[in-house]
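Residues: numbered from 1 along the sequence shown. Keep in mind the model is a prediction, meaning the values are calculated, not measured.
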Amino acid sequence: MRTMLMFMLLVTLGAVVCDDHASNAVTYTLKTFSTEVAKIPHFVMFYAPWCGHCKRLAPVWDELAHFFNKEFGMSKLVIAKVDCTLETALCAEHDVTGYPTLNYYRKGDSESVRYRGNRGLKDFQDFIEEQFILEEEGAEAKVEQMPMEPEKALGPLVELTDETFEQEIATSNTFVKFYAPWCGHCKSLAPTWESLAQEFEHETSVTIAKIDCTLYKTACSKQNIRGYPTLVFFKNGEKEQEYSNRDLYSLKNFVISMIEKENKNGDETEGKVPEDIPKDQEEEIVPTVFPLDQDTFPEVVADGVTFVKFYAPWCGHCKRLAPVWDQLSTKFIGSSFIRLGKVDCTTEKLLCTLHKVRAYPTLLLFRDGEMVAEYSGARDIGSMEEFVRKNIQAHEEL
C-alpha cells in the first residue's frame with residue numbers, strides 16, 4: 001500500500017513538472033509544427049521535463065510567451081515549446097541533441113537560427129529584435145522590385161539624391177534623415193519630420209532634408225549609414241552630430257541648440273552683460289521629460305545619465321510625483337549629459353519586467369546604458385537633484 005502511494009505521489013509530481021514548462025507557450029507536435037511555423041516567425045524551446053536547465057528556463061520562457069502570445073495575440077511572433085520526450089521524431093528532425101535547444105524560425109523558412117546566448121529575458125529580447133531587423137533588411141530586395149510611391153515632401157522639406165547631396169550640405173546647416181521606405185520607425189517619424197521642416201521654413205540658416213537610402217545608396221554608403229532612420233546634422237559639409245530622439249519637441253530644441261551654438265559668439269552678444277529680466281517678461285521654463293517605450297529606451301539611455309521614472313497612471317504616488325518630476329527636469333535643461341525619462345508600465349510591460357519593476361513609482365538611474373542606482377529617498381526636488389549630481393560626481397571621479 002505504501003509503495004503504491006509513493007508511486008502515485010511520484011507520478012503526480014512528475015505531472016506538475018511537465019505542466020510547469022511555460023504554460024503561456026504554444027505546445028506543438030509533429031502534426032502541427034510545420035504548418036504553423038510556416039505562417040509566422042516562431043521562437044521554439046525543445047525541452048525535456050526532467051532537464052534541470054529546462055526547469056530554470058521555464059519561468060523566463062513563460063514570461064516571454066506571455067508578452068508575445070498574450071499581449072500581442074501572436075501577431076508578431078509565437079513563443080512555442082516541444083516536449084522531446086513525447087515528440088522524439090520531431091526533435092530528431094530538427095537536430096535536437098541537448099536540452100533546452102532554442103531555435104528561431106523566420107516566416108516561411110524551414111531553416112532555423114539556433115540561439116546560443118544567455119538565457120535572461122533581456123537577452124532574448126535583444127536576439128528577437130535582431131531577428132526582426134534582419135527580416136526587414138531581407139525584405140528590402142523584394143520591396144525594391146515592387147512599384148513604390150516615395151514619401152511626398154511637404155512644403156520646405158528637401159528631398160536629396162546622390163547628385164544633390166554633397167552640394168546641398170556643402171554650406172550652412174543641414175539636418176538630414178537617412179531612411180528606407182520599408183522601415184517601420186521611418187514611417188512613424190515621417191509626419192514629425194515634415195512638421196520639423198515647417199517649423200524652420202523661414203529660418204535661412206538651416207535646411208531640413210531627407211534621403212531614401214534604397215534609391216540613393218552611394219550617398220548613404222559614403223556616410224556609413226548602418227540603420228534607419230539615422231538623423232545627422234551637417235555643418236559646412238562636415239558631419240557635426242547624430243541625434244536619436246524622435247519627438248517634435250526634442251528635434252526642434254536640438255536644431256535650435258545647434259544654430260545657437262554656431263551664433264553664440266556673434267557680434268550682437270559679444271562683450272555685453274545681460275541685464276536682469278523683469279519677472280513678468282521672463283520665459284517660462286518648459287519641463288523636458290522623455291516618454292520612453294521599448295523602441296526609444298535603448299537609444300535615450302545609451303549615453304550620459306538618464307534618470308527614469310517607471311510608473312502606472314492609476315498609481316496615487318505616481319500622480320503626486322508627476323509635477324515634481326517635471327520640475328526636476330528643468331534643473332538639467334541645457335545639459336547634453338543629463339536627462340529625465342518616464343515609462344508607463346501599463347503599456348510597456350516587457351520593458352518594466354526587464355528592469356524588475358515591482359512597485360510604482362520605481363526610480364532608476366542609468367549611465368551609458370547601464371542601470372547603476374535605484375533611488376529610494378525623499379521625493380522632493382532637492383533630494384532627487386542631489387542624488388543625480390552625486391552619481392555624476394562619482395562617475396567623473398572614476
Side-chain angles (χ1 to χ4, degrees), residues 23-24 59-60 62-73 75-76 79 120-122 124-126 129 188 244-250 253 284-302 304-333 335 338-392:
S23 59
N24 286 308
V60 179
D62 193 53
E63 204 160 356
L64 191 69
H66 182 272
F67 180 74
F68 284 102
N69 296 355
K70 301 293 184 182
E71 298 293 329
F72 284 97
S75 62
K76 292 186 175 182
I79 305 298
L121 200 57
K122 179 67 166 63
F124 289 138
Q125 181 197 27
D126 291 343
E129 287 180 354
S188 300
S244 58
N245 293 326
R246 296 173 189 164
D247 61 283
L248 183 58
Y249 179 82
S250 300
N253 282 346
E284 180 183 357
I285 300 176
V286 180
T288 306
V289 177
F290 295 96
L292 305 175
D293 58 27
Q294 191 171 328
D295 295 324
T296 60
F297 190 93
E299 297 176 0
V300 173
V301 305
V305 169
T306 312
F307 197 16
V308 182
K309 173 184 69 172
F310 295 83
Y311 73 101
W314 48 260
C315 157
H317 294 299
C318 304
K319 292 176 184 177
R320 286 190 286 275
L321 178 62
V324 181
W325 199 253
D326 284 342
Q327 291 175 49
L328 180 64
S329 73
T330 66
K331 299 292 184 180
F332 305 106
I333 284 180
S335 171
I338 313 163
R339 65 196 67 85
L340 262 68
K342 60 181 180 180
V343 176
D344 181 348
C345 290
T346 63
T347 59
E348 299 297 327
K349 295 180 180 179
L350 180 58
L351 186 57
C352 295
T353 299
L354 288 171
H355 294 287
K356 300 179 181 178
V357 175
R358 296 291 180 264
Y360 309 125
T362 292
L363 310 179
L364 303 181
L365 189 135
F366 295 81
R367 187 164 53 231
D368 297 336
E370 298 293 329
M371 199 281 282
V372 294
E374 179 174 356
Y375 181 76
S376 57
R379 292 172 185 163
D380 60 273
I381 295 174
S383 300
M384 292 191 291
E385 181 182 1
E386 183 182 3
F387 168 77
V388 174
R389 296 196 185 280
K390 278 185 177 179
N391 275 278
I392 296 168

Grab the two heavy atoms, one from Ala378 and one from Ser383, that are nearest each other, plus how far apart they are. O-CB, 3.6 Å
Main chain of Leu321, side chain of Arg379: is a donor-acceptor contact present, judged purely on distance under 3.5 Å? no
Return the NZ to CG distance between Lys349 and Asp344, rounded to the nearest 0.5 Å. 10.0 Å
First locate atom NE2 of His66, then atom OG of Ser23, and finally report the distance between them rounded to the nearest 0.5 Å. 9.0 Å
Spacing of OG belonging to Ser329 relative to CD1 belonging to Ile381, to within rounding of 0.5 Å: 9.5 Å
Over all heavy atoms of both residues, which pair between Lys122 and Leu354 is shortest? Give the atoms and the distance, please. N-CD2, 3.1 Å
The single option from Trp325, Phe310, Tyr311 passing side chain to side chain contact (heavy atoms under 4.5 Å, CB included) against Leu363: Trp325
Where does the angle between the aromatic ring planes of Trp314 and Tyr360 fall among parallel (under 30°), tilted (30 to 60°) and perpendicular (over 60°)? perpendicular
Ring-plane angle category for His355 and Phe366, please: parallel below 30°, perpendicular beyond 60°, tilted otherwise. perpendicular
Tell me the closest heavy-atom pair linking Val289 and Gly341, and the distance in Å. CG1-C, 3.9 Å
For residues 290-302, pull every pair meeting side chain to side chain donor-acceptor pair (under 3.5 Å), keeping only residues two or more places apart or in separate chains. Arg246-Glu299, Asp293-Thr296
For Lys342, give me all partners under salt bridge (charged side-chain N to carboxylate O under 4.0 Å, His left out), at least two apart in sequence or on another chain. none
In the structure I gave you, are the side-chain heavy atoms of Leu121 and Leu350 within less than 4.5 Å of one another anywhere? yes
Can you name the closest pair of heavy atoms from Met384 and Leu328 and give their distance? CB-CD2, 3.8 Å
Say whether, by atom type as modelled, one donor and one acceptor occur between the side chain of Asn69 and the main chain of Asn24 under 3.5 angstrom. yes
Do Phe387 and Phe307 have side chains that get closer than 4.5 Å, going by heavy atoms? yes
Mark yes or no for whether Arg367, through its side chain, and Asn391, through its backbone, hold a donor-acceptor pair below 3.5 Å. yes
Nearest 0.5 Å please: distance from the CD1 atom of Ile338 over to the CD atom of Glu385. 9.0 Å
Would you mind reporting whether Lys309 and Tyr375 have side-chain heavy atoms less than 4.5 Å apart? no
According to disulfide (SG to SG under 2.5 Å), who are the partners of Cys352, at least two apart in sequence or on a separate chain? Cys345
To the nearest 0.5 angstrom, please state how far the NZ atom of Lys356 sits from the CD atom of Glu374. 11.5 Å
Of all the heavy-atom pairs spanning Pro361 and His317, show the shortest one and how long it is. CD-CB, 3.8 Å
For Gly120 and Val60, which heavy atoms make the closest approach, and how far apart are they? C-CG1, 4.2 Å
Point-to-point distance, once rounded to the nearest 0.5 Å, from CG of Leu292 to CD of Glu348: 9.0 Å
Would a 4.5 Å heavy-atom cut-off, applied to side chains only, mark Ile79 and Phe67 as touching? no
